[in-house]
Amino acid sequence: MSADSTNLFGALFDTPPVRQVVPVLVPLPAPGPYSYAVPEGMHVEAGSVVQVPLGPRQVIGVVWDGDNDDKLDPKKLRPITLAFDCPPLSAEMRRFIEWVAGYTLSPPGLVARMAIRAPAALEPEPMIEGLRYVGGQPERMTPARARVLQQVDEDLPWTRMGLAHAAGVSTSVIDGLTQQGLFETVFLPPPPVVAKPDPDYTAPRIEGPQKEAAREIVDLVKQGGFSSSLIDGVTGSGKTEVYFEAIAETLRQRKQVLILLPEIALTSSFLERFQDRFGAKPGEWHSDLSPRIREKVWRGIVTGEVQVVAGARSALFLPFENLGLIIVDEEHDPAYKQEDRVFYNARDMAVVRARIGDFPVVLVSATPSVESQVNAQAGRYHLVHLPTRFGEAALPDLHLVDMRRHPPERGGFLSPVLLRAIGKTIERGQQSLLFLNRRGYAPLTLCRVCGHRFQCRQCSSWLVEHRFRNQIQCHQCGYSEPTPEACPECGTFDHLVACGPGVERIAEEVERHFPDARTIVMSSDLLGGVKRLRLELEAIARGDADIVIGTQLVAKGHNFPLMTLVGIVDADLGLANGDPRAAERTFQLLNQVTGRAGRTGLKSHGLLQTYQPQHPVMQAIVSGDPGAFYEREITERERAILPPFGRLASVIVSAETRADAEAHARALRAAAPPVSGISVLGPAEAPLALVRGRHRFRLLVHGRRTSEMQDFLKKMVSQGPKVRGTVHVQIDIDPQSFL
DNA sequence: AGCACGCCGACT
DNA sequence: GTCGGCGTGCTC
């Protein structure tokens with residue numbers, strides 16, 4: 001029954017009107033919605049976005065479905081302050097929020113909050129004032145007035161400023177003409193944030209195997225309804241062009257499209273690529289959008305005016321008016337995982353959203369995650385394989401360098417094989433990239449006399465020497481101090497010894513061997529920040545360097561046309577760091593780095609220095625076949641995350657000490673839960689939490705049956721053992737339970 | 001999540 | 001004697 005009929009009823013029979021009571025999800029970690037009274041004359045329905053009093057403040061909430069808590073006296077309920085003039089969240093959106101809350105064991109109010117994150121956008125944007133020429137001539141013609149009249153016609157309205165600018169006059173000329181009745185004021189809808197993309201702006205740029213792939217995906221879009229696909233194709237195989245065709249088809253159906261990207265991939269180059277194909281940029285959604293733009297984009301999405309959104313993971317919770325397709329590009333990227341407040345993996349939740357909304361979802365990667373690979377193999381995801389690079393781009397020839405057979409000289413880290421290859425590349429006038437995912441000079445510094453190791457006083461990890469800036473730094477929490485000349489333990493001078501390589505040390509070695517080569521070190525802590533970084537990248541692309549030595553950041557984006565040699569200094573690095581995904585991550589990272597070479601057709605090579613040439617990851621990389629990695633013998637730890645064998649949940653315990661985390665783990669084991677294993681990972685494995693100055697230890701919980709696991713974890717969160725700190729739960733499994 | 005209330009250390 | 005640390009509890 002609507003509010004109006006209730007009131008009418010009350011008026012007719014002269015009884016006090018029944019106060020309507022509705023449940024409202026408020027942004028609190030409460031288990032369910034709170035009840036509020038609806039003031040007379042206000043209309044709300046399930047999904048309405050409202051402002052309600054909560055304690056001393058006003059918050060934004062969403063009117064929810066279901067019954068109210070009837071233990072509360074309706075007379076004592078506080079009234080809704082305001083119903084925003086924006087479309088209510090759809091039933092689908094509400095179902096999605098409920099599902100995510102249940103699955104991630106998060107309070108629904110906090111999940112709902114992610115959907116209405118642009119509070120100022122909740123009121124419609126004000127119309128802008130325009131001037132329309134109604135005809136006639138001014139009392140006295142002047143040159144300035146003539147210029148204005150030359151610009152206008154009777155159909156198209158102008159803004160006051162815009163017209164003044166176009167006519168080259170000041171606004172007072174316009175005001176004068178308006179006063180004489182030559183213009184009338186009209187109200188114009190605010191201009192859209194982005195232009196409408198046109199599916200037929202340019203022809204599809206697909207050829208060869210891409211055509212078949214695009215047809216498969218487009219057919220799924222045409223067919224309508226839910227489907228989930230995985231496009232698996234090497235770097236440069238044209239994955240983007242293929243999914244652009246699915247986007248074009250969805251646009252023709254007048255439905256909205258969401259392209260999820262890891263934040264780092266949301267670059268202008270992606271947006272331009274999109275614009276080249278569709279004639280307009282997509283709407284953007286990421287964390288450092290200005291509030292003004294954020295508002296406009298949000299409103300455009302809610303009204304359906306913005307048809308394509310390219311966004312980071314948070315874009316998944318935007319209340320689209322008519323969403324018809326989700327693309328998850330770089331689906332393996334760990335940035336899709338939010339480990340804060342609501343713990344979720346946007347890639348998995350995208351599949352859920354598509355299932356609930358009954359439309360297709362397409363995951364895309366050159367190095368699919370283990371889960372997606374398994375889902376594709378099991379037939380749950382439709383697999384689209386793009387095996388080769390197309391056009392002039394050729395994949396580099398990859399070889400392993402067995403470091404036991406080709407050891408580097410004493411004190412060095414580059415094998416003779418790699419050094420020779422660098423030399424030849426320089427002779428050809430081409431560039432080499434040496435990749436080592438380690439900043440600084442050396443990962444560990446110790447005193448040769450007393451064995452003292454430099455340790456961070458805040459978080460117990462080793463301090464890393466940075467010779468270029470003469471500092472020792474903690475790479476976990478950012479702590480730094482000047483490099484001491486004497487050992488702080490025994491006072492001996494000049495006896496500090498560096499252990500292991502960092503990029504700075506490799507640079508030193510390279511300069512020793514190639515004193516005349518132009519060498520650049522690229523690392524995220526480079527002095528000069530983003531600006532200098534961009535300049536250096538451009539310089540490299542121009543050919544102003546012979547050897548580039550870089551950490552992870554050289555793996556992303558950017559094309560270097562002259563780069564024909566990639567040397568991986570330590571391919572084994574990262575294979576044994578305690579993370580159950582170590583092998584997978586290494587495979588993905590090294591694939592990305594070697595993919596940097598050969599992008600413009602020059603014959604190129606990759607050399608991977610390794611002590612474990614027989615390792616499945618190494619074999620998979622050189623054979624260029626991810627299958628070699630995925631189909632290998634699976635380790636016990638990995639088995640737990642593979643859907644057919646079991647499930648994994650990672651439980652984050654924030655505790656000051658390892659002892660607290662271990663106490664928690666003990667209590668969990670004692671509770672005889674439906675889990676097969678619990679292990680404690682130290683703060684080094686949870687660097688994100690450490691940055692915020694708090695030691696967070698992570699418990700990995702392995703188990704099998706989802707519902708039982710869910711119940712167990714739910715219980716653990718609500719009445720778990722008492723330890724210092726908070727317990728968060730992240731179910732880190734694939735979302736197959738609803739497929 | 002915010003925000004208030006409330007109980008123990010270093011200062012005007 | 002106060003200011004202020006953050007531990008605990010509450011919000012329809």
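Values below: every heavy atom of this structure, side chains too, minus hydrogens, waters and symmetry copies. Naming: A, B, ... by sequence-line order, numbering from 1 per chain.
Atom P of nucleotide dG2(B) and atom CD of Gln58(A) are separated by 15 Å, given to the nearest angstrom. Rounded to whole Å, the distance from CZ on Arg57(A) to P on dA1(B) is 11 Å. Summarising the geometry, the separation between OH on Tyr34(A) and P on dC10(C) is reported as 11 Å, rounded to the nearest angstrom. What separates OH of Tyr36(A) from C1' of dC12(C) is a distance of 5 Å, to the nearest Å. Between Leu28(A) atom CG and dC10(C) atom P there is a gap of 14 Å when expressed in whole angstrom units. Atom CG of Leu54(A) is separated from atom P of dC12(C) by 5 Å (rounded to the nearest Å).
Residue Pro53(A) is in sugar-phosphate contact alone, with no base atom involved, counting any heavy-atom pair closer than 4.0 Å across all strands shown.
Across His332(A), Arg585(A), Glu331(A), a single residue satisfies side-chain hydrogen bond (donor to acceptor under 3.5 Å, both in side chains) together with Ser369(A), and that is Glu331(A).
For residues 320-330 of chain A, the set of pairs meeting the salt bridge (Lys or Arg N to Asp or Glu O under 4.0 Å) definition, not counting sequence neighbours, is empty.
Nearest heavy-atom pair, Asp65(A) versus Arg94(A), reported as atom, atom and distance to 0.1 Å: OD2-NH2, 2.8 Å.
Annotation: ring-ring contact (aromatic ring centres under 6.0 Å, His included) contacts of Phe270(A) (sequence neighbours excluded): none.
Side-chain proximity of Pro56(A) to dC12(C), dG2(B), dC3(B): nearest is dC3(B).
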